[in-house]
Amino acid sequence: MLQGKADTTRRSGWPKRKLQNVTDPHYDYIVIGAGSAGCVVASRLSEDPKVRVLLVEAGGPGRDPLLRVPLMAGALLRGRRHNWSYVTEPIPGLGERRCKWPRGKVLGGSSAINGMVHVRGLPSDYDAWAQTGLSGWSFDDVLPYFRRSEDFESGADELHGAGGPLPVTRREKPSSPLFETFVAAGQQAGFPTTDDFNGPAPEGFGRYHFNIRGGRRVSAADAYLTVQADRPNLDIWPRTQAARILFDGCRATGVELIRSGQRITVTANREIILSGGTVNSPQLLMLSGVGDGEHLRRHGIPVVAERKEIGRNLQDHAVVRVQYSAVGINTLARLMRVDRAVLAVVRAMLFGTGPASTFPLEAGAYLKSDPALDEPDLQSHFLPGLSTAALNWNPLRPTNAEDGFFANIYAMRPVSRGQIRLAGKDPLVAPSIQPNYFSDPDDIARPRRGVRLLRHIFSQVAFDRCRGHEIGPGPEVTSDEEIDAWIRETADAVFHPVGTCRMGADVDAVVDGELRLRGVEGVRVVDASVMPRITSTNTHAPTVMIAEKAADMIRQPR
Ligand SMILES: Cc1cc2nc3c(=O)[nH]c(=O)nc-3n(C[C@H](O)[C@H](O)[C@H](O)COP(=O)(O)OP(=O)(O)OC[C@H]3O[C@@H](n4cnc5c(N)ncnc54)[C@H](O)[C@@H]3O)c2cc1C
């Protein structure tokens with residue numbers, strides 16, 4: 001097994017020839033999309049020098065040094081660079097509001113712009129997948145793939161891996177004393193603490209681990225492609241968008257690509273691996289004639305295979321933020337001055353130190369909304385700043401100078417389901433995204449209890465020295481109805497969409513347990529879209545795990 005570690009001191013190892021024209025367009029494997037999953041699959045498959053692998057990515061090569069600065073995540077997710085910058089349809093459960101839906105468009109995909117929090121969800125997430133008949137996907141089955149991907153700072157043990165490509169680290173000292181205040185308040189309120197959300201007892205308050213090394217972001221591309229890009233059998237084409245998968249009958253033969261405005265065709269002898277993510281994988285399948293026949297015909301697309309579920313089963317975490325003003329303590333507002341902000345970014349870029357070398361979601365909690373529950377059903381992240389400061393932070397355009405803090409909270413396993421549909425047959429037109437947040441009443445009842453829990457946490461003695469007034473929801477919002485109305489007015493996407501190419505043992509599922517696309521031959525889907533049910537927490541590490549496992553399944557077909 002190859003376990004190249006990322007060079008985190010600079011973006012290195014991108015030999016120019018890898019990113020330029022290749023004269024022979026015939027490959028064994030074509031991987032579409034260089035995100036959390038695609039980078040892993042391309043890297044693992046190309047470990048075999050006998051196979052030729054092409055990895056295509058619609059976004060750029062990711063040489064922008066700001067991508068490596070952890071605090072830039074807030075600006076990256078709101079910005080248009082390196083980002084598909086999708087916007088949803090009006091969402092009925094949010095009073096017909098639309099949400100911004102950032103997705104990474106660059107080598108590394110969403111892992112190049114995300115919050116870098118490294119969590120796996122709960123073991124029961126995978127056991128629940130296995131219980132639907134997906135043998136090989138229980139927690140015990142997938143644990144070796146999590147371990148293989150990781151370079152855990154405390155070393156390997158039963159639950160953690162060391163020496164893998166993805167650093168899993170935590171700052172020795174939290175970047176703000178408020179993180180410890182949050183954990184202490186949880187303890188004072190009678191909740192457990194945890195030393196490791198990926199450990200044997202993840203319930204309670206604690207500090208998160210991140211995919212950061214030496215104060216710099218390590219995306220899936222940094223982790224899996226930087227060293228491997230030297231391989232003569234791996235071609236990486238950024239700024240290349242797959243327009244459709246080509247079929248001979250039901251057998252996939254190649255991919256039509258758009259590069260520099262030209263349409264070109266590349267062929268795959270063995271397999272095409274679709275890793276475009278939860279929005280773009282179903283979109284590309286539908287553009288290629290695989291999907292709900294009626295929907296495809298409406299867009300004038302000839303049907304290759306009727307697969308009704310493609311694009312359906314969309315799940316995401318929807319978040320609300322309980323916010324307070326702060327007194328007598330430094331918060332992120334300090335960084336809202338241009339001189340401080342620019343200095344922080346330069347420091348992080350050059351030395352990997354200072355306040356921009358972290359993403360300030362360092363503490364959080366896995367909580368039960370009802371003590372009678374068997375396991376947590378709410379996840380929270382605490383941030384020592386107001387949401388406007390954190391999410392709109394841009395070193396050159398500071399927007400807010402007020403001191404404050406917030407904790408967000410969301411239901412871990414929402415049951416509402418949305419969908420991705422085509423908005424047109426042009427591959428360059430964004431698809432229609434309807435997440436349908438809170439269409440199920442249970443999905444709003446849990447964060448409602450979460451809001452009350454957070455108020456209770458913030459009322460603890462630990463916060464007495466710095467608590468100002470409650471900004472959101474605001475002290476006047478107390479009844480169930482008032483809290484629900486506030487949730488619908490303010491809830492936002494937290495960017496963990498999954499499920500639109502659902503894996504399942506049943507015949508309606510989009511892919512089978514080996515991630516093969518049903519109804520055609522020669523295509524697998526490998527990305528977050530295959531999750532049958534959303535994992536309880538953030539989704540990057542689970543997606544990397546899926547890709548590690550997929551690479552094994554592709555290399556050793558049963
Ligand atoms: C702003 C944000 C913050 C997040 N924070 C966290 C976090 O802190 N922790 C965590 O665990 N998870 C987080 N997530 C979620 C996590 O990053 C994603 O679940 C994960 O990256 C999804 O991986 P993927 O491979 O499915 O898709 P992506 O990583 O999105 O990769 C898909 C890739 O395919 C490319 N592509 C798409 N269509 C085509 C095409 N037709 N041709 C060529 N290329 C194409 C895209 O440009 C992209 O690079 C966050 C996500 C976002 C967006």
Side-chain angles (χ1 to χ4, degrees), residues 30-41 54-60 62 70 73-79 82-86 100-121 166 168 197 208-212 217 219-221 237-245 255-259 273-285 287-288 316-317 319 359 361 364 379 381 391 427-428 430-431 492-501 525-531 534-535 537-547 550:
I30 299 171
V31 182
I32 301 171
S36 300
C39 293
V40 179
V41 176
L54 172 64
L55 173 62
V56 296
E57 165 54 44
L76 288 168
L77 73 90
R78 296 283 146 184
H82 317 297
N83 192 339
W84 292 88
S85 304
Y86 290 128
K100 290 188 174 169
W101 257 42
R103 309 304 303 157
K105 188 179 183 184
V106 60
L107 278 191
S110 298
S111 74
I113 65 164
N114 72 8
M116 296 155 283
V117 175
H118 184 91
V119 282
R120 299 166 172 174
L166 211 55
V168 180
F197 289 109
Y208 287 111
H209 287 90
F210 288 84
N211 299 133
I212 293 177
R217 171 195 297 275
S219 71
W237 294 3
R239 299 202 178 92
T240 305
Q241 183 163 340
R244 63 192 172 115
I245 296 173
V255 185
E256 184 181 295
L257 302 173
I258 306 172
R259 274 194 105 192
I273 293 107
L274 178 52
S275 299
T278 296
V279 177
N280 297 107
S281 284
Q283 180 196 24
L284 191 69
L285 290 176
L287 291 170
S288 311
D316 192 13
H317 295 130
V319 72
F359 192 57
L361 290 177
Q379 184 187 6
H381 296 90
L391 298 177
L428 301 179
D492 204 354
V494 75
F495 324 129
H496 302 156
V498 305
T500 51
C501 297
V525 184
V526 181
D527 56 27
S529 74
V530 303
M531 294 187 200
I534 194 164
T535 51
T537 60
N538 313 52
T539 43
H540 170 60
T543 307
V544 169
M545 173 281 287
I546 288 169

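Both counts, for ligands and for their atoms, begin at 1 and track the order of listing. Computed from a prediction, not measured in an experiment: that's the story for all the values here.
Only the backbone of Ser275 comes within contact range of ligand 1, with a heavy atom under 4.0 Å; no side-chain atom does. Heavy atoms of Val494 found under 4.0 angstrom from ligand 1: none, in either backbone or side chain. Looking at Thr543 against ligand 1, only its side chain comes within 4.0 Å, counting heavy atoms. Residue contacts with ligand 1, taken as heavy atom pairs separated by less than 4.0 Å, do not involve Val498 at all. In His496, the part holding a heavy atom less than 4.0 Å from any atom of ligand 1 is the side chain.
Each of the following atoms of ligand 1 lies closer than 4.0 Å to a heavy atom of Gly115: 3 (C), 4 (C), 5 (N), 6 (C), 7 (C), 8 (O).
Ligand 1 has a nitrogen or oxygen under 3.5 angstrom from a nitrogen or oxygen of Ala242. Considering backbone and side-chain N/O atoms, Thr278 never comes within less than 3.5 Å of an N/O atom of ligand 1.
The heavy atom nearest to atom 32 (C) of ligand 1, out of those in Gly33, Gly276, Gly109, Gly108, is found in Gly276. Here the shortest heavy-atom distance to atom 19 (O) of ligand 1, taken over Thr539, Leu428, Val544, belongs to Thr539.
Side-chain atoms of Thr278 come within 3.5 Å of backbone atoms of Pro497 as a donor-acceptor pair (strictly under, hydrogens ignored).
Under a 4.0 Å heavy-atom criterion, Trp84 is in contact with ligand 1.
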